[in-house]
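Computed from a predicted model, the values in this text were never measured in an experiment. Whatever order the structure lists them in is the order used to number ligands and atoms, beginning at 1.
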Amino acid sequence: MTDKYCVIGNPIAHSKSPEIHPVFAAETGQDIVYERCLAPVDGFVDTVRRLVAEGYRGANVTVPFKLEAAAIATRLSERGRLAGAVNTLSFENGEIVGDNTDGAGLVTDIVRNAGVSLAGKRILLLGAGGAARGVILPFLEQGPAAIVIANRTRATAEALGAEFAAHAAQAGQVSAIGFDEIAGRFDVVVNATSASLAGDLPPVPASSFGPDTLAVDLMYGKEPTPFMEFAALHGAQVRDGLGMLVEQAAEAFTIWRGVRPGTTSVLVALRDKL
Ligand code: NDP
């Protein structure tokens with residue numbers, strides 16, 4: 001029997017996940033269908049219950065339901081629990097298992113696709129919202145020298161830093177500051193603010209970047225974001241968030257199907273269609 005999956009969101013028409021998972025399935029010989037599922041903004045829980053009753057095996061979750069997905073899960077992975085947000089649900093043996101694959105997707109894109117190791121590196125993480133929260137534990141697992149969280153609202157960065165301090169290998173490995181306190185050059189700068197959505201540049205100083213810096217904007221689109229243009233102007237190697245998107249999908253597919261798909265051809269095809 002064909003196993004059913006979907007991506008739940010509101011809106012959902014823009015989601016690229018239904019273009020990704022069927023390619024993974026074809027490449028790995030898995031018999032699945034993968035659909036878009038528009039849930040009413042106040043109807044996420046009812047939607048999940050309906051999917052479970054209809055025999056779906058799992059779902060991805062996108063804006064604005066990632067926090068509700070963490071709340072509805074009967075079991076959470078460590079990274080899902082720490083992120084406080086879930087983008088991957090598995091329906092198995094009466095349980096709703098929640099995980100967050102966004103951070104793992106970003107790490108795979110940086111380490112494998114860009115070929116940049118994070119071990120011993122200084123990482124500047126701009127933003128302290130849902131996306132930033134999801135990447136901190138996967139970053140820590142790579143053994144960086146420092147993760148500096150900088151946010152417009154400093155208190156939000158501080159709260160996030162405090163939550164993850166217990167997972168740091170040494171005191172001071174995770175720190176939190178306001179944008180005006182950013183100092184020195186970084187090996188990796190990640191724009192996890194939503195500034196790019198509005199075509200804005202977060203107030204990061206040019207001195208953060210150099211020829212050995214990798215700058216990643218989690219947003220993606222046809223054109224480089226103002227952050228990518230600014231980082232490139234100051235010598236950094238740049239990439240957008242399309243690789244993260246494809247890699248988080250591959251991680252979710254692996255959780256569901258027990259087989260890891262290749263990602264190169266999907267990434268090229270999506271890039272062509274932007
Ligand atoms: P949230 O709304 O949870 O967080 C937004 C963050 O951006 C906050 O830290 C906020 O600061 C900051 N911010 C907003 N506007 C500005 C601005 N003009 N200047 C500086 N900082 C600003 O968003 P998410 O974390 O969910 O998403 C962030 C980005 O990541 C989006 O662009 C999203 O598209 C992308 N993303 C990409 C994924 C992928 O697979 N490629 C997956 C998930 C997200 P404050 O606390 O002060 O409000």
Short N-O contact, Arg49 and Glu54, less than 4.0 angstrom: no
From Thr193, Leu242, Asp102 - option closest to atom 31 (C) of ligand 1 by heavy atom: Thr193
Which of the atoms in ligand 1, numbered in the order shown and given with their element, are less than 4.0 Å from a heavy-atom of Gly127? 9 (O)
Quick one: look at Asn151 and ligand 1, take heavy-atom pairs under 4.0 Å, and tell me if it's side chain, backbone, both or neither. side chain
Going by atom types alone, do Asn87 and Asn60 pair a side-chain donor with an acceptor below 3.5 Å? no
Numbered atoms of ligand 1 (with element) below 4.0 Å of Thr153, judged on heavy atoms: 45 (P), 46 (O), 47 (O)
So is Arg152 polar-close to ligand 1, meaning N/O to N/O under 3.5 Å? yes
Kindly indicate whether the side chain of Phe164, heavy atoms from C-beta on, has any atom under 4.5 Å from the side chain of Ile149. no
Enumerated ligand 1 atoms positioned under 4.0 Å from heavy atoms of Ala195: 17 (C), 18 (N), 19 (N)
Selected option - heavy-atom contact closest to atom 43 (C) of ligand 1, from Lys66, Glu247, Arg133: Lys66
Can a side-chain donor-acceptor contact be found between Thr101 and Glu247 if the only test is distance below 3.5 angstrom? no
With only distance considered, is Phe179 within less than 3.5 Å of ligand 1 through an N or O on each side? no
Got the closest protein heavy atom to atom 39 (C) of ligand 1, with its distance? Met244 SD, 3.7 Å
Report yes if Ala132 has an N/O atom closer than 3.5 Å to an N/O atom of ligand 1; otherwise report no. no
If we only consider heavy atoms of Ser196, is any one of them less than 4.0 Å away from an atom in ligand 1? no
Less than 3.5 Å apart, any donor N or O on the side chain of Asp240 or Thr225 sitting next to an acceptor on the other? no
Out of all atoms in ligand 1, which are within 4.0 Å of some heavy atom of Ala128? Include the element for each. 9 (O)
Pairing donors with acceptors under 3.5 angstrom, does anything connect the side chains of Asp31 and Thr2? yes
Distance alone, cut at 3.5 Å: any donor-acceptor contact between the side chains of Asp99 and Thr88? no
Tell me whether Ser194 has any N or O atom under 3.5 angstrom from an N or O of ligand 1. yes
Using 4.0 Å as the upper bound for N to carboxylate O, is an ion pair formed by Arg185 and Asp212? no
Just checking, is any N or O donor in the side chain of Glu19 or Tyr34 under 3.5 Å from an acceptor N or O on the other one? no
Checking the N or O distance criterion of under 3.5 Å, is ligand 1 in contact with Ala131? yes
Among all protein heavy atoms in this structure, tell me which lies nearest to atom 4 (O) of ligand 1, with the distance rounded to 0.1 Å. Gly129 CA, 3.4 Å
Using protein heavy atoms only, decide if any is under 4.0 Å from atom 28 (C) of ligand 1. yes
Would you tell me which option among Thr225, Asp240, Leu218, Val246 has the nearest heavy-atom contact to atom 37 (C) of ligand 1? Leu218
Provide, to 0.1 Å, the distance between atom 33 (C) of ligand 1 and the closest protein heavy atom, together with that atom's residue and name. Leu197 CD1, 4.8 Å
Which is closest to atom 1 (P) of ligand 1 in terms of heavy atoms, Gly105, Gly130, Ser17? Gly130
Charged N to carboxylate O under 4.0 angstrom, Asp3 versus Arg57? yes
Close side-chain approach of Glu78 to Leu137, heavy-atom, < 4.5 Å: yes
For a side-chain hydrogen bond (donor to acceptor under 3.5 Å, both in side chains) check, start with the C-alpha distance between Tyr220 and Arg239, then their side-chain angles and the critical distance, and finish with the verdict. CA-CA 9 Å; Tyr220 52 83; Arg239 43 201 301 121; over 6 Å; no
